[in-house]
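Structure first, commentary second.
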Amino acid sequence: MKKNVLAFSRVTPATVERLQQDFNVIVPDARQGDIAAQFNEALPEAHGLIGVGRKLGRDQLEGAGKLEVVSSISVGYDNYDLAYFNERGIALTNTPDVLTESTADLAFSLVMGSARRVAELDAWTKAGNWQATIAPGHFGSDVHGKTLGIVGLGNIGAAIARRGRFGFNMPVVYSGNSRKPQLEQELGAQFRSLDQLLAEADFVVIVVPLSEATRKLISTRELQLMKPSAFLINIARGPVVDEAALVEALRSGTIRGAGLDVYEKEPLRESPLFQLPNALTLPHIGSATAETRAAMASRAVDNLRAALLGERPQDLVNPQVWK
Ligand code: NAP
């Protein structure tokens, strides 16, 4: 008998079609009524879940007695209560690698966009303000040759560092859990403590996973260590940065600007950040290109399919549950 797969966020028709070859696939549909009710109704019979952007732990999964695997269409997995998954023996998979380059592109567009005030001056131009050569009050900051500080030199951090080092001739410093000798050699990257990095970098790019160790990693003290001319770029997860402290730092000139893709609470519908011209705010689009989202969905299907057919999935986050 075919196993049941339940989607917990919107999935593409191609994803559904591939899964239907081996499984019964249930995709809650707003046109059929309440999405949450459809999800809850299907959950007890589900062997596999696929999707992104939903908190899943004891409260949500207690009734999912047949659940074997959750296939997340993301690389970050802070939405899932891993301890509970391990207790239940539920496998968790994610989609690393396939989004690395697109997310690094987006991080770099935040570096460029905040330094050269791209969105701010686009709005200014379209508002009909351009009447003469612009004055120094609208000048930006250089990117090339400036020091790039990467907090978390993992897959995406390294891809951002390559863009900076080889595209923009930027010296690279990094901080994190461990030294990366190979990347030090490739990029000439130098290891620093977080405090040293904050004091030295012109662009501080946050690319660590969200965990209890990284929650509010950047708060008032850390922002005060940064140069007043420096920019903070966060493409990791919102809660890694204390947002109220960041707003204050942007308002008071403690730092020059920020480029943000992620927030403490998403979607961000209203925020003091919206009043700050030196905050560039994007709606969590690190991996949001057509090509990359398709590749992520395909990788998530591969993982789910493997797990439900009894093969060890390629991207198993909690290998200890795999028997
Ligand atoms: P990764 O390859 O696992 O790299 C994570 C890096 O963070 C590693 O270098 C790791 O150091 C470091 N790190 C982990 N815990 C740390 C801590 N407590 N203090 C300092 N450094 C720490 O992951 P990735 O693929 O680059 O992705 C990184 C994160 O980016 C994801 O977890 C996700 O939350 C976020 N992301 C966001 C978007 C978006 O749309 N904005 C898209 C993709 C990913 P070690 O290697 O020494 O352990």
Side-chain angles (χ1 to χ4, degrees), residues 9 52-53 55 72-80 82 92-111 113-114 149-164 172-184 186-187 189 191-198 201 204-219 222 232-241 258-268 280-293 295-297 299-300 314-319:
S9 65
V52 63
K55 279 212 171 307
S72 186
I73 313 176
S74 68
V75 65
Y77 47 85
D78 43 283
N79 264 333
Y80 312 106
L82 211 49
L92 175 66
T93 63
N94 66 345
T95 59
D97 308 330
V98 288
L99 46 47
T100 296
E101 298 299 330
S102 299
T103 309
D105 286 347
L106 192 274
F108 224 85
S109 71
L110 285 171
V111 168
S114 53
I150 307 283
V151 180
L153 195 62
N155 289 330
I156 298 171
I160 298 166
R162 283 186 193 100
R163 283 156 176 75
V172 175
V173 292
Y174 75 100
S175 68
N177 277 336
S178 58
R179 298 275 300 249
K180 313 282 177 198
Q182 247 177 319
L183 289 169
E184 288 187 12
E186 180 195 338
L187 301 164
F191 186 75
R192 298 282 189 264
S193 70
L194 176 61
D195 284 5
Q196 285 170 332
L197 179 148
L198 292 168
V204 173
V205 185
I206 312 293
V207 216
V208 289
L210 173 62
S211 68
E212 282 322 301
T214 60
R215 192 174 291 277
K216 296 209 174 168
L217 186 70
I218 304 296
S219 192
E222 289 71 28
L232 181 81
I233 309 298
N234 186 11
I235 60 111
R237 287 289 184 263
V240 177
V241 175
L260 307 170
D261 189 39
V262 289
Y263 309 89
E264 283 178 349
K265 194 157 178 269
E266 298 179 8
L268 189 69
L280 178 53
T281 51
L282 295 181
H284 200 148
I285 54 166
S287 63
T289 66
E291 300 91 330
T292 292
R293 285 292 169 86
M296 289 167 72
R299 183 99 164 218
Q314 184 182 3
D315 306 305
L316 193 54
V317 173
N318 52 350

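Every number for a ligand or one of its atoms is a count from 1 in the order of the listing. The basis for the numbers below is simple: all heavy atoms, side chains too, and nothing from hydrogens, waters or symmetry mates.
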Minimum side-chain heavy-atom gap R215-V240 below 4.5 Å = no
Nearest non-hydrogen protein atom to atom 7 (O) of ligand 1, with distance, is P209 CD, 3.4 Å
What part of L153, side chain from CB on, backbone N/CA/C/O, both or neither, has a heavy atom under 4.0 Å from ligand 1?
-> backbone
Is the shortest N/O to N/O distance between V75 and ligand 1 below 3.5 Å?
-> no
Answer yes or no: does an N/O atom from V208 fall short of 3.5 Å to an N/O atom of ligand 1?
-> no
Go through ligand 1 atom by atom and flag the ones less than 4.0 Å from a non-hydrogen atom of T103.
-> 38 (C), 42 (C), 43 (C)
Counting N and O atoms only, with roles assigned by atom type, does the side chain of N155 sit under 3.5 Å from a partner on the main chain of T100, one being a donor and the other an acceptor?
-> no
Would you say the side chain of I150 lies within less than 4.5 Å of the side chain of V172, judging by non-hydrogen atoms?
-> yes
Any heavy atom of P96 sitting closer than 4.0 Å to ligand 1?
-> no
Any side-chain heavy atom of P239 sitting closer than 4.5 Å to one from K216?
-> no
Hey, is the main chain of S74 close enough, under 3.5 Å, to the side chain of T95 for a donor-acceptor pair?
-> yes
Among protein heavy atoms, which lies nearest atom 18 (N) of ligand 1, and at what distance?
-> T214 CG2, 3.3 Å
Got an N/O contact under 3.5 Å between K180 and ligand 1?
-> yes
Taking the side chain from S102 and the backbone from L99, do they hold a donor-acceptor pair closer than 3.5 Å?
-> no
Could E101 and R163 be called an ion pair, given the rule that one side-chain N must be under 4.0 Å from one carboxylate O?
-> yes
One finds that the ligand 1 atoms under 4.0 Å from a non-hydrogen atom of S178 are 45 (P), 47 (O)
Against heavy atoms of S287, which atoms of ligand 1 measure under 4.0 Å?
-> 40 (O)
The atoms of ligand 1 lying under 4.0 Å from a heavy atom of D261, numbered in the order shown, are 39 (C), 40 (O), 41 (N)
Does atom 45 (P) of ligand 1 have a protein non-hydrogen atom under 4.0 Å from it?
-> yes
Among non-hydrogen protein atoms, atom 28 (C) of ligand 1 lies closest to V207 O, 3.4 Å
Does the N or O separation between G152 and ligand 1 drop below 3.5 Å for any pair?
-> no
Intermediate values then yes/no, salt bridge (charged side-chain N to carboxylate O under 4.0 Å, His left out), E266 and R237 | CA-CA 10 Å; E266 298 179 8; R237 287 289 184 263; over 6 Å; no
Do I235 and ligand 1 have an N or O pair less than 3.5 Å apart?
-> yes
Does T289 reach the main-chain N or O of T292 with its side chain, forming a donor-acceptor pair under 3.5 Å?
-> yes
Side-chain contact test, heavy atoms from C-beta onward, threshold under 4.5 Å: evaluate it for Y174 versus E184 and give yes or no.
-> yes
Check: N94 side chain, S72 main-chain N or O, donor-acceptor pair, under 3.5 Å = no
Considering heavy atoms of the protein only, find what lies nearest to atom 15 (N) of ligand 1 and give residue, atom and distance to 0.1 Å.
-> N177 ND2, 3.3 Å
N/O to N/O below 3.5 Å, does that happen between N155 and ligand 1?
-> yes
Do me a favour and list the nearest non-hydrogen protein atom to atom 27 (O) of ligand 1 with residue, atom name and distance?
-> I156 CD1, 3.5 Å
H284 heavy atoms within 4.0 Å reach ligand 1 at atoms 39 (C), 40 (O), 41 (N)
Under 4.0 Å from atom 21 (N) of ligand 1, do we find at least one protein heavy atom?
-> yes
Could you list the atoms of ligand 1 found under 4.0 angstrom from a heavy atom of G76?
-> 32 (O), 33 (C), 34 (O)
Answer whether the closest heavy-atom distance between the side chains of R299 and P96 falls below 4.5 Å.
-> yes
The atoms of ligand 1 lying under 4.0 Å from a heavy atom of A213, numbered in the order shown, are 18 (N)
Note the single closest protein heavy atom to atom 33 (C) of ligand 1, along with its residue, its atom name and the distance in Å.
-> R237 NH1, 3.7 Å
If you measure from atom 6 (C) of ligand 1 to every heavy atom of G154, S102, S175, which option wins on shortest distance?
-> G154
Are any of the side-chain heavy atoms of L280 and L110 separated by less than 4.5 Å?
-> yes
Which residue and heavy atom of the protein sit nearest atom 35 (C) of ligand 1, plus the separation | A236 O, 3.6 Å
Any side-chain heavy atom of I218 sitting closer than 4.5 Å to one from V151?
-> no
Side chain of N234, backbone of L260: donor and acceptor closer than 3.5 Å?
-> no
